[in-house]
Amino acid sequence: MRVNFTVNGRQQEADDVWEGESLLYVLRERLGLPGSKNACEQGECGSCTVRLDGVPVCSCLVAAGQVEGREVVTVEGLADFAKQRAEHGGCATGACGTPGGSGTSLDEAKQWAAKGHDSQTGEGGELSSIQQAFIDAGAVQCGFCTPGLLVAADEMLERTPNPTDADIREALSGNLCRCTGYEKIMDAVRLAAARQSEAV
Amino acid sequence: MDFLRPASWEEALAAKAEHPTAVPIAGGTDVMVEINFDHRRPEYLLDLNRIGELSEWEVGEESVRLGASVPYTRIMENLRGELPGLALASHTVASPQIRNRGGVGGNLGTASPAGDAHPALLAAGAEVEVESVRGSRLIPIDEFYTGVKRNALAADELIRAVHIKKADGPQQYSKVGTRNAMVIAVCAFGLALHPETRTVRTGIGSAAPTPVRAKAAEEFLSAALEEGGFWDNGKIITPSVAKQFADLCSAACNPIDDVRGTASYRRHAVGIMARRTLTWTWESYRGTAASTEGVA
Ligand SMILES: Cc1cc2nc3c(=O)[nH]c(=O)nc-3n(C[C@H](O)[C@H](O)[C@H](O)COP(=O)(O)OP(=O)(O)OC[C@H]3O[C@@H](n4cnc5c(N)ncnc54)[C@H](O)[C@@H]3O)c2cc1C
Ligand code: FES
Ligand code: FES
């Protein structure tokens, strides 16, 4: 079957999709977006986390056909997504999980697209504050868990700009780090939150 | 495999009638695991995501009509007052990502004895609204679970909503597992006090082939509370009453040994959770009772 949906602000069309295929497989194998990682395919590890209409989900558990006409943001589009959000003082897609609760109009949201640099890989562009904080805090070891953590942490900071440690732990409780760098990951999120509140 | 995408509830019912083997998919957090691991290769997948009304709820006089696909996250955020037991249980499910997708309809569809919604629904009192092209019916929650991962749905039926009694007193939910997140219950226990009818209801998870109520324990406790005038005097429940209640809850279990725990551990833990949740809810009831008296 064919699936049409928006990924990182761009209209995409995936052909010959098998009906039982996951969104994760479509992103990685059909659209050339390998940022979202495939580790467990059973919702346990969170390394495949993407935002579906603004909501963080495990893309390995979303059937490809279920995203028809919907909006997906992956780690490749995260920096642009965060930038757009900062410029519009709210959320980038207008679908931040709280219906009607943001300042971005649908039209504005529809105009958003990951741009500049290489939007396939996200390389060569500016990083989002959460990405920079992960690097600065040394929160990346092998890096396999990182994309999922970035997407989940970024969404938490959008909802909860001044999180407590308990907020961070809860928001990241669905993301496993096999290298067990959890303390540095906590540091990174605290750092991003602190920088974000300084910037305001 | 075929992917069916009904745009409305009526279309979904028609599709299910035409293809009774079609597997409905809502949040996909059970279905996709089975497909990814090749444990299931359905002929048809029936996507329910397009049917907006399944993700809505209505708060009525007596009960909440909860659409089958309302994600756990929404229940935690919006229905804590009306459905405290279910909101607590929802919070123990997996992780934020899973709770953003999975819901009670899928939990009922899977009907795992370990599903976290079940003890809360049994304790609160609920009816499952199911429908097919033949018509609609309400299945009392006590009759919904028919065996290990089996439920009372006919092949052409879909779950539309669950009607859950609004809390008229404190409710609690307790779950045993190795960590707070991402844990399938070793066993679980839900308790609801119903001061209006002066009754107590329970729900036990993962300690019998299906989720069950501890009916003998409920009857014992309701009678003991009535006899001692506890509902009116708001006294502390005597330890012997609490112990007898806990023992009867353990006795209601019919557990197995498996990788997550042994049968005897489960029976024991259910007793402990019964005693603790009774203490928590009763303290909360006494607190409210005392403060209402104070005002009067
Ligand atoms: C990592 C992980 C952790 C988990 N942890 C927990 C946990 O802690 N506690 C817990 O209870 N569960 C847990 N689960 C299981 C799962 O998340 C729940 O059972 C959830 O409620 C399923 O909801 P869903 O919408 O995703 O269901 P789906 O996967 O879409 O469907 C589940 C079943 O219900 C049927 N179904 C769905 N909607 C309907 C309907 N409207 N009418 C008829 N049939 C329907 C489907 O055909 C399928 O058989 C976990 C799953 C994963 C992947
Ligand atoms: S790959 Fe999706 S949660 Fe692990
Ligand atoms: S850095 Fe290796 S899994 Fe987290």
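Treat the numbers as computed from the prediction; the structure is a model and nothing was measured. Each chain gets a letter, A, B and so on, in the order its sequence line appears, and its residues count up from 1.
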Problem set entry | Side chains of Gln97(B) and Glu155(A) in contact at under 4.5 Å (non-hydrogen atoms) | no
For this session: Give, for atom CG of Asn100(B) and atom OG1 of Thr49(A), the distance between the pair rounded to the nearest 0.5 Å.
Result: 10.0 Å
Problem set entry | Shortest non-hydrogen contact from Met32(B) toward Gly20(A) | CE-O, 3.7 Å
Problem set entry | Residue part contacting chain B, namely of Arg70(A), when any heavy atom lies under 4.5 Å | side chain
Exercise. To the nearest 0.5 Å, how far apart are CD1 in Ile35(B) and CD in Glu41(A)?
Worked result: 11.5 Å
Problem set entry | chain B-proximal positions within residues 171-190 of chain A [heavy-atom distance under 4.5 Å] | Ala171(A), Ser173(A), Gly174(A), Asn175(A), Leu176(A)
Exercise. OH of Tyr265(B): more than 12 outside heavy atoms within 6.0 angstrom?
Worked result: no
For this session: Using a cut-off of under 4.5 Å on heavy-atom pairs, state which of Val33(B), Leu48(B), Leu45(B), Thr73(B) scores highest against chain A.
Result: Val33(B)
For this session: Would you indicate whether the side-chain heavy atoms of Asp47(B) and Glu68(A) approach each other to under 4.5 Å?
Result: no
Exercise. Are there residues of residues 131-142 of chain A that reach to under 4.5 Å of chain B by heavy atoms, and which ones?
Worked result: none
For this session: Taking atom NZ of Lys83(A) as the centre, report whether more than 12 heavy atoms of other residues, nucleotides or ligands fall under 6.0 Å from it.
Result: no
Exercise. Among Gly65(A), Gly148(A), Cys60(A), which has the most heavy-atom pairs under 4.5 Å with chain B?
Worked result: Gly65(A)
Exercise. For Ile98(B), is it the side chain, the backbone, both, or neither that has a heavy atom closer than 4.5 Å to a heavy atom of chain A?
Worked result: side chain
For this session: Let me know if Phe37(B) has heavy atoms under 4.5 Å from chain A in its side chain, its backbone, both or neither.
Result: side chain
For this session: Would you please go through residues 172-183 of chain B and name the residues with a non-hydrogen atom below 4.5 Å from one of chain A, in numerical order?
Result: Arg179(B), Ala181(B), Met182(B)
Exercise. Do any pairs count as a side chain to side chain donor-acceptor pair (under 3.5 Å) and have a residue in residues 33-43 of chain B, sequence neighbours left out, and if so which ones?
Worked result: Glu34(B)-Arg40(B), Asp38(B)-Arg41(B)
Exercise. Given the options Asp2(B), Asp30(B), Ile25(B), Val31(B), which has more heavy-atom pairs under 4.5 Å with chain A than any of the others?
Worked result: Ile25(B)
For this session: For residues Leu61(A) and Arg101(B), determine if any side-chain heavy atom of one lies less than 4.5 Å from a side-chain heavy atom of the other.
Result: no
For this session: Could you pull out the closest heavy-atom pair between Phe3(B) and Met1(A), with the gap in Å?
Result: CB-SD, 3.8 Å
For this session: Tell me, yes or no, whether the heavy-atom count around Arg276(B) atom CZ, taken from other residues, nucleotides or ligands under 6.0 Å, exceeds 12.
Result: no
Exercise. What do you reckon, is NZ of Lys149(B) surrounded by more than 12 foreign heavy atoms closer than 6.0 Å?
Worked result: no
Exercise. For Glu170(A), is it the side chain, the backbone, both, or neither that has a heavy atom closer than 4.5 Å to a heavy atom of chain B?
Worked result: both
